[in-house]
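Accompanying notes for the structure given below.
Residue numbering restarts at 1 for every chain, and letters A, B, ... go by the order of the sequence lines. Keep in mind that this is a model prediction, so the values were computed, not measured. Note that these values count all heavy atoms, side chains included, but never hydrogens, waters or copies made by symmetry.
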Amino acid sequence: MSSLKPVRGTRDILSDDILRHRHVEETARAVASRYGYAEISTPIFEFTEVFARTLGDTSDIVTKEMYTFEDKGGDRITLRPEGTAGVARAFISEGLAQNLPLKFFYRGPMFRYERPQKGRLRQFHQIGVELLGVVRPLADVEVIALGAHILDALGLAGKVVCELNSLGDGESRDAYRARLVDYLKNHKDKLSADSRDRLERNPLRILDSKDETDREIVAGAPLMSDSLNGDSRRFFDELLKGLETAGVPYKINPRLVRGLDYYCHTAFEFTTDALGAQGTVLAGGRYDGLIRQMGGPQTPGIGWAAGVERLAMLVEGTPKLARPLVVVPIGEEAEERAFAVTQGLRRAGFSVDLGFSGNLGKRMKRANALNARAAVILGGDELARGAAAVRDMDSGEQAEVPLTALEEHLGRFR
RNA sequence: GCGGGAGUAGCUCAGGUGGUUAGAGCGCCAGAUUGUGGAUCUGGAUGUCGUGGGUUCAAGUCCCAUCUCUCGCCCCA
């Protein structure tokens with residue numbers, strides 16, 4: 001094995017893997033497009049403040065996971081750890097507030113400096129959507145239904161569960177946080193070290209702690225739903241009703257929280273038990289305060305992101321490429337004419353491979369390895385008659401076809 | 001960042017207690033078949049044994065460090 005290796009947590013993606021990635025991305029793009037989501041591509045790096053300001057100073061992403069560096073001009077630059085901040089920044093930079101509501105689909109690499117595991121990499125890929133400018137819960141319904149639709153189109157409906165919760169508006173969330181902290185402080189000495197730390201930093205996170213004693217304590221904790229004010233309660237009820245109307249199955253999980261500070265109201269995760277500790281496959285929520293926090297006009301938003309690597313691991317089988325034709329020249333004179341024949345077929349819309357060397361036997365072997373549908377054999381005898389031998393690689397049947405009728409004859413193999 | 005497991009051919013893996021030229025299957029290459037692929041048969045090449053250091057007459061094997069993968073924690077897609 002060579003000592004030349006990719007950087008830790010990065011991968012070359014090729015052959016079957018890249019086909020699966022492409023399948024995931026193209027399926028998502030096609031379904032999102034049916035819902036009217038326009039694709040947007042934002043830079044993979046931004047000024048560090050774009051992420052630092054929006055993700056919250058206490059989040060792990062900001063404190064330890066960002067790839068941040070100073071460029072030659074002295075600017076602080078960060079490789080994007082997630083997609084929402086960049087879309088929000090573009091919304092402000094491009095003055096898009098005139099055109100609300102807006103719906104975006106994006107895809108591309110994200111970067112987080114963390115310890116790699118299965119389904120968790122330092123460079124990974126996400127697909128995601130954002131819906132900006134709609135305060136009504138119907139927006140949440142559409143965004144979640146779109147996520148469910150994409151997972152269904154990928155054949156994963158039976159492998160995932162949509163877990164759902166409401167964090168309420170700011171008022172509800174603050175009220176709940178206070179009640180929760182009050183309760184947990186009474187059990188502080190029994191909490192795990194991690195959770196005692198979280199009590200200061202991010203108390204809501206304690207709700208989904210994996211520590212057993214924590215779980216026992218959490219079982220008796222006040223419920224978020226009891227702290228929702230009237231507006232928040234109504235919002236959540238409308239969302240649930242909408243999902244039922246849309247036929248999206250869900251499971252309410254009162255302990256579901258989101259790591260990032262800007263979420264409010266709706267939080268959801270599509271999870272699977274097929275990927276070990278990295279069970280979250282598509283997740284998102286509502287972020288009504290984000291754009292104003294970044295310095296833009298008050299603009300509500302909701303969206304989600306999904307990990308392409310994780311989805312690709314769940315997708316069964318390998319998407320097949322279209323089977324090519326192969327042109328096989330025999331002899332020097334035929335080789336000179338083969339490229340012109342090949343180009344003619346390519347211009348006519350066929351996928352055609354023309355090898356660079358080899359005798360007949362080798363070229364036929366390669367045609368077989370490429371899973372060619374048919375071979376167009378150009379031998380001296382055939383060319384002298386202005387024809388080619390067309391061999392069906394499945395049946396082995398071979399027929400002589402005049403070059404002038406080649407495209408028409410090959411139509412059956414398209 | 002913390003804890004456990006693992007790194008031998010392109011791939012999947014064998015290599016008791018240290019002992020000569022490190023093996024198998026798959027794949028690859030060549031030939032049987034110089035105008036015909038898949039199947040079969042014959043032959044061939046697989047390699048700094050992850051990397052660096054140490055112990056020893058002798059290290060794939062033992063010790064230390066380091067890197068990468070993997071499982072879990074943290075966190076998240």
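Across B/rU34 and B/rA14, the matching C1' atoms stand 41 Å from one another, rounded to whole Å. Here, B/rU8 and B/rU51 have their C1' atoms 14 Å apart, quoted to the whole Å. Taking atom P in both B/rA22 and B/rU61, one finds a spacing of 14 Å when rounded to whole Å. Straight-line distance between the P atoms of B/rA59 and B/rC13: roughly 28 Å, to the nearest whole Å. Across the P atoms, B/rU42 and B/rG4 are found 50 Å apart, a figure rounded to whole Å. Of the C1' atoms belonging to B/rG25 and B/rG72, the separation is 34 Å, rounded to the nearest Å. Spacing of C1' atoms, B/rA58 relative to B/rU20, comes out at 10 Å, to the nearest Å. The C1' atoms of B/rC49 and B/rU21 are separated by 15 Å, rounded to the nearest whole Å.
Here A/Glu269 lies out of heavy-atom contact (under 4.0 Å) with every strand. Residue A/Gly119 is classed as a base contact, given a heavy-atom separation below 4.0 Å to a base. A/Asp394 comes within 4.0 angstrom of a nucleotide base, judged by non-hydrogen atoms across all strands. Counting any heavy atom pair closer than 4.0 Å across all strands shown, A/Gly147 reaches no nucleic acid atom. In this structure, A/Gly331 reaches neither bases nor backbone, as no heavy-atom distance under 4.0 Å exists between it and the strands shown. Among the heavy atoms of the strands lying under 4.0 Å from A/Ala283 are primed sugar atoms or P, OP1, OP2 only; no base atom is included. Within the nucleic acid shown, A/Arg310 comes within 4.0 Å of at least one base atom, counting heavy atoms only.
Sequence order on RNA chain B of the closest nucleotides to A/Gly380 and A/Gly279 puts A/Gly380 first from the 5' end.
Residue A/Lys365 places its side chain closer to B/rG37 than to any other of B/rA77, B/rG37, B/rG35. Listed nucleotides B/rU36, B/rG35, B/rU70 differ in distance to A/Lys118; the shortest reach to its side chain belongs to B/rU70. Listed nucleotides: B/rU36, B/rC67, B/rU70. Nearest to the side chain of A/Ile377: B/rU36. Relative to the side chain of A/Arg112, the nucleotides B/rC76, B/rC69, B/rU36 differ in distance, and B/rC76 lies closest. Which of B/rA77, B/rG38, B/rU70 sits closest to the side chain of A/Arg391 comes down to B/rG38.
Atoms CZ (A/Arg205) and C1' (B/rC75) sit 7 Å apart, rounded to a whole Å. Nucleotide B/rC76 holds its C1' atom 16 Å from the CG atom of A/Leu204, rounded to whole Å. One atom, NZ of A/Lys362, and another, P of B/rC28, lie 14 Å apart when rounded to the nearest Å. Counting to the nearest Å, the C1' atom of B/rA77 and the CE atom of A/Met66 are 18 Å from each other. Regarding A/Arg363, its CZ atom lies at a distance of 17 Å from the P atom of B/rG38, rounded to whole Å. One atom, CE of A/Met313, and another, C1' of B/rU70, lie 13 Å apart when rounded to the nearest Å. Taking atom CG of residue A/Leu121 and atom P of nucleotide B/rC69, one finds them 8 Å apart after rounding to whole Å. Atom CG in A/Asn359 sits roughly 10 Å away from atom P in B/rA32 (whole-Å rounding).
In this pair, A/Tyr287 and A/Tyr263 present their aromatic rings perpendicular. The plane angle is above 60°, beyond the 30 to 60° band. Relative orientation of the A/His187 and A/Tyr183 rings is tilted, given thresholds of 30° and 60° on the angle between their planes.
Once rounded to the nearest 0.5 Å, the distance linking NE2 of A/His149 with CD1 of A/Ile144 reads 15.5 Å.
Here A/Phe91 pairs with nothing under the ring pair (Phe, Tyr, Trp, His ring centres under 6.0 Å) rule; sequence neighbours left out. Applying the ring pair (Phe, Tyr, Trp, His ring centres under 6.0 Å) test to A/Tyr113 and every residue at least two apart in sequence or in another chain returns A/Tyr67. A/Tyr106 is linked by a ring pair (Phe, Tyr, Trp, His ring centres under 6.0 Å) to nothing, counting only residues two or more places apart in sequence or in another chain.
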If you look only at distance, which donor and acceptor atoms sit under 3.5 Å apart when one is on a side chain in residues 13-24 of chain A and the other is two or more places apart or in another chain?
unit_1: A/Asp17; atom_1: OD1; unit_2: A/Arg20; atom_2: NH1; d: 3.3
unit_1: A/Arg20; atom_1: NE; unit_2: A/Gly317; atom_2: O; d: 3.2

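Residue pairs meeting the side chain to side chain donor-acceptor pair (under 3.5 Å) criterion with at least one member in residues 244-256 of chain A, sequence neighbours excluded: A/Glu163-A/Asn253, A/Glu244-A/Tyr250.
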Please write out each protein N/O paired with an N/O of nucleotides 1-4 of chain B under 3.5 Å, distance rounded to 0.1 Å.
unit_1: B/rC2; atom_1: N4; unit_2: A/Arg115; atom_2: NH1; d: 2.9
unit_1: B/rG3; atom_1: O6; unit_2: A/Arg115; atom_2: NH2; d: 3.3

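Residue A/Lys159 places its NZ atom among more than 12 non-hydrogen atoms of other residues, nucleotides or ligands, all under 6.0 Å distant.
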